[in-house]
2 protein chains.
Amino acid sequence: MDTGVQDHRRRRKPRPGSSGRVTDYTKLVNPFEPIRVFTDDQVEAIHRNALRILQEIGMRVLHQDGRARLKAAGASVDEGSQIVRFDTGLVEHALATAPRTIELIGRSAARNVSLGGRNVAFLSVAGAPHATDIDRGKRPGTLADLEDFIRLTQSFDILHMLAAVMEPQDVPVHLRHYATMRAALTLSDKVPWVFCRGAGQVQDSFAMVRIARGLSEDEFVRSPHCYTVINTNSPLQLDVPMTQGIIDFAEAGQMLIATPFCLAGAMAPITIAGALSLQHAEALAAITLYQVVRPGAPVMYGSFASNVDMRSGSPAFGTPEHVKTSFGAGQLARRLGIPWRSSAGTASNMPDVQADYETQMSAWGAVMSGCNILLHGAGWLEGGLTASFEKLITDLELLQSFAEMFRQVGCDEQDLAFDAIRDVGPGGHFFATSHTMERYQTAFYEPLVSDWSNFGRWTETGAKSATERANRIWKQKLGDFEAPALDIALRDQLDDFIARRSREGGAPIDA
Amino acid sequence: MDTGVQDHRRRRKPRPGSSGRVTDYTKLVNPFEPIRVFTDDQVEAIHRNALRILQEIGMRVLHQDGRARLKAAGASVDEGSQIVRFDTGLVEHALATAPRTIELIGRSAARNVSLGGRNVAFLSVAGAPHATDIDRGKRPGTLADLEDFIRLTQSFDILHMLAAVMEPQDVPVHLRHYATMRAALTLSDKVPWVFCRGAGQVQDSFAMVRIARGLSEDEFVRSPHCYTVINTNSPLQLDVPMTQGIIDFAEAGQMLIATPFCLAGAMAPITIAGALSLQHAEALAAITLYQVVRPGAPVMYGSFASNVDMRSGSPAFGTPEHVKTSFGAGQLARRLGIPWRSSAGTASNMPDVQADYETQMSAWGAVMSGCNILLHGAGWLEGGLTASFEKLITDLELLQSFAEMFRQVGCDEQDLAFDAIRDVGPGGHFFATSHTMERYQTAFYEPLVSDWSNFGRWTETGAKSATERANRIWKQKLGDFEAPALDIALRDQLDDFIARRSREGGAPIDA
């Protein structure tokens, strides 16, 4: 227990009332051999199937410049149908220039995120239109809600990057990115997410990142300081804002996660191998365009394939098929050799036991498939339509448990404890032994939410559920929140930029 | 999806309102490579450490005949201290005679359970003194509660054996085994659990199994028709009823699971390697005695090591340490080469999100460590003090999901779906393709509890939580229950036996 490749117990002050154990979850390495569902030959068959899909069927690319850039790189383009067919050599060339590891740059070195190999980063829910908590119920998300979610993301080092948690629907769309980026850049020092809703919003967002980080355009473009997720429109389409986003992010050298959203039985084949073939083809198409625009820029393979309920067509998450698809996606990503993202999810409409077991099923699937980013790992409800304050907290317990599982198990002579076992002897106990006393403050994970007291004590203290305790925890964290220091001059510049651009009319998403 | 080593879709009739998908979870094979936390050298170091513990420190065996049998087999016994020291050769000889696979015999061949290799069986909570449900709350368990739990166990083929779910406290202890065995043998045809509470109760229970199964003594002793779990009294003690149980089960050739209950930081060392060393030593001692009594009889290695809260001493389950201990226990069991049992658990006092995440953490730990029996996999609450009707049902969703995950993923040309992807083309959908239509009734797991409807429809149907839906499900299952046929003559013999033995005074546990 006390040795290991990672040491989470440095540099932090203990939390009040705790044993004194300090944790540091900022850099996680997953030591476990990924679980496999396919043989190597089957992985190769899916990869070749995807290449054949791109070569013979092709992608419809709705964005003219996107088609033109792919054509210039050697793709075959039919302007009438907007179909782009990708020569296998073109895809392979793009894969050869895609980096094997990515270092995202936060406001401080402690917020940098290493992606690739066995590194893993955990992220919250992203993009939910609604917020919910057990006091106020479900409602359209507001800027105040988003700011609270950003404060909570900032408060827990188990969340490694800032996801676009929730849509503030009280801010008009052409001005929304100013509000969301301002919140992200002033309330957090973690790497922010930028939405691809037209070049205008993306360029505004890049400008805001540069201002808040004090970066020149040259400095900005040299390393990734923000990231986005683009979803293909399965099957086999890339729409205008997504294609524009690929181009904008590549040109600026910022990190793109290319994630088809393949629901087996609906927008993807009903078979896992078929759904993964489609996902793989679409991800390769997006990665190829990105590398065509800027060879060597940081791009991730994205997987978010689950299945639908075949009786209703409703999306489902955390199903056995979802888990197996994650395992297979990890094998395909490792075939490519580039960093990759997986996802957790649930279709439950409230933060109940279903929400938990579906989230945990999918999170285990993602972690045990060796993903480098687990997106939607905390707070996601209702198929992604709602971000839940309480579920954010209870899911963090799971993520922190994974981080603790990653710590190497010691097995030296002291760990084997022969002397302690001899000294205690048959019928004794280990509570007061020096072997225990030397380790008791740090040996075990201290839970965030779990209540291990007995029934009597738990009843006396109000018989609270984990969800009720989580409600208290997020409120306390918000009460304790202090925004990370940001140079007042940079903040003023940011506000000036936002004021000027707002006066100029903002950035409509079709711009 | 449609090929595989296992086919769960045979012989059963579809459930009403379902798609027509039929499942058969009676025989499960876990295809996944077990997760490891130790190197091979470290596994060897723990194994050698355990052998050294047995050789140099020894076990206190409170049972005189147990000590005598071990002494006759070559162990060194100090009658004053009751300490038995095990020569390594004695332990290795016992391990050499322990079978690598075990076939438990149910009332019909479909109820037989294969243990060893990659086979896995799921079992409910066992031994809880209390029962709870959301209508009636927590109360001391009654025979009526136990009968309902047995009916539910019988109703789901994902539960492979009958665990001693709950203690009927309305039946006096000296007569309790008549009531529990009668319920087990008349309401279910699955392999029953027998408690080791003195030779009188054990011999009575064996007699009841023989009567209900129509077996002669010779037939009974030839194969295992029932099983027990014995817990050592950590550290390093074997009490009288447990030792007697080992001897009784070995002599009768019935299956014994030797499970130390090692809580790191309390009755076991605070380090994982130390706790596992103690567990391993104690399990080896019990296995050795069992094999000394009857070489070749069926015995399992048992693991149930977790940790305590070092601030309160309360046991905790589903912790990161619990999971890593399971992974390590699997490595140790495979080092021995004999079938082994792991466990799920939670310390939560109600069937809330904590109960779910702790159970699922520990269940994933057990399944991914390659256990052959997952005990306490459904319905366990409050550190094992309470059996929950609703949690039994929601946990079955997890167990069924594991079973579905075990199904091989197809990857032939039809699974790869190139033609379907070409026929649908960019921007289409797969709902109505022949590729989908041929598979939609059977492709995906249909959940037991999960509600995937959208928020509006879910609200219209009462906004029920998973736990509330589980409440409806167990009541419906009890309403639909039909006991498996049992020859009326056998049942009469059983009742006559119980009446006679009760008149004779039953079997006090100190007998």
Side-chain angles (χ1 to χ4, degrees), chain A residues 1 32 35 37 42 49 53 57 60 236-237 267 269-274 277-278 307 309-310 314 316 319-321 323-324 347 349 352-354 356-357 360 364 394 398 401 404-405 409 411 415-418 420-422 426-427 429-430 436 439-440 443-445 450 452 455 458 465-467, chain B residues 1 32 35 37 42 49 53 57 60 236-237 267 269-274 277 307 309-311 314 316 319-321 323-324 347 349 352-354 356-357 360 364 394 398 401 404-405 409 411 415-418 420-422 426-427 429-430 436 439-440 443-445 450 452 455 458 465-467:
Chain A
M1 285 295 298
F32 300 116
I35 293 172
V37 287
Q42 289 174 328
N49 196 38
I53 290 165
I57 307 172
R60 179 176 288 140
L236 296 175
Q237 282 205 139
M267 297 320 186
I270 195 166
T271 53
I272 288 178
S277 294
L278 184 67
N307 61 297
D309 178 351
M310 291 312 297
S314 301
T319 62
E321 294 78 24
V323 174
K324 290 195 279 192
N349 291 294
D352 64 349
V353 166
Q354 178 188 339
D356 186 75
Y357 66 65
Q360 186 160 175
W364 271 90
T394 54
L398 170 64
S401 295
E404 298 278 345
M405 275 172 49
V409 179
C411 198
D415 300 312
L416 288 167
F418 180 87
I421 293 168
R422 185 192 51 210
H429 66 76
F430 291 80
T436 301
R439 293 165 176 80
Y440 82 97
F444 303 137
Y445 172 58
S450 298
W452 295 337
F455 193 87
W458 172 77
S465 72
T467 303
Chain B
M1 285 297 297
F32 301 116
I35 292 172
V37 288
Q42 291 174 327
N49 196 38
I53 291 166
I57 308 171
R60 180 177 287 140
L236 297 174
Q237 284 205 139
M267 298 320 187
I270 195 167
T271 52
I272 287 176
S277 294
N307 60 296
D309 178 351
M310 290 312 297
R311 284 176 291 175
S314 301
T319 62
E321 294 78 23
V323 174
K324 289 196 280 194
N349 291 295
D352 65 349
V353 165
Q354 176 188 339
D356 187 75
Y357 66 65
Q360 187 159 174
W364 270 90
T394 54
L398 169 64
S401 294
E404 298 279 343
M405 276 171 50
V409 180
C411 198
D415 299 312
L416 287 167
F418 180 87
I421 293 169
R422 185 191 53 211
H429 66 76
F430 290 79
T436 301
R439 292 166 177 80
Y440 82 97
F444 303 138
Y445 172 58
S450 298
W452 296 336
F455 193 87
W458 172 77
S465 71
T467 303

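Order of the sequence lines fixes the chain letters, A, B, ..., with proteins taken first and strands second; residue numbering starts at 1 for each chain. Just the heavy atoms: all of them, side chains too, but no hydrogens, waters or symmetry mates, feed the values below.
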Find the one option among [options] whose heavy-atom pairs under 4.5 Å with chain B are most numerous.
{"options": "Pro269(A), Gly274(A), Ala347(A), Ala420(A)", "result": "Pro269(A)"}
{"options": "Ala316(A), Ser277(A), Ser450(A)", "result": "Ser450(A)"}
{"options": "Thr467(A), Thr319(A), Ile53(A), Leu278(A)", "result": "Ile53(A)"}
{"options": "Ala417(A), Ala466(A), Pro426(A), Gly427(A)", "result": "Pro426(A)"}

Would you check if [X] and [Y] make a side-chain contact, meaning some heavy-atom pair closer than 4.5 Å?
{"X": "Ile270(B)", "Y": "Phe430(A)", "result": "no"}
{"X": "Ile421(B)", "Y": "Leu236(A)", "result": "yes"}
{"X": "Asp309(B)", "Y": "Phe444(A)", "result": "no"}
{"X": "Ile57(A)", "Y": "Phe418(B)", "result": "yes"}

Point to revise | Criterion side-chain contact (heavy atoms from CB on, under 4.5 Å) on Gln360(A) and Leu398(B), from CA distance to verdict | key: CA-CA 10 Å; Gln360(A) 186 160 175; Leu398(B) 169 64; over 6 Å; no
Would you find a donor on one side and an acceptor on the other, under 3.5 Å apart, between the side chain of [X] and the backbone of [Y]?
{"X": "Glu404(A)", "Y": "Glu321(B)", "value": "no"}
{"X": "Gln354(A)", "Y": "Ser465(B)", "value": "no"}
{"X": "Asp415(B)", "Y": "Thr271(A)", "value": "no"}

So which of [options] has the biggest tally of heavy-atom pairs under 4.5 Å with chain A?
{"options": "Met405(B), His429(B), Gln237(B)", "result": "Met405(B)"}
{"options": "Trp452(B), Trp458(B), Trp364(B), Tyr445(B)", "result": "Trp364(B)"}
{"options": "Asp352(B), Thr436(B), Leu416(B)", "result": "Leu416(B)"}

Exercise for review: Report yes or no: do Ser401(A) and Tyr357(B) form a side-chain donor-acceptor pair below 3.5 Å?
Suggested key: no
Revision key, fill the gap. Scanning both residues in full, the closest heavy-atom pair of Lys324(B) with Val409(A) reads CD-CG2, 3.6 Å
Check your understanding: Which answer fits Val323(B), side chain, backbone, both or neither, if we ask what part of it has an atom under 4.5 Å from a heavy atom of chain A?
Key ->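 Just its side chain gets close to chain A.
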Review point. In Å and rounded to the nearest 0.5 Å, what is the CG to OG1 distance from Asp356(A) to Thr394(B)?
Key: 10.0 Å
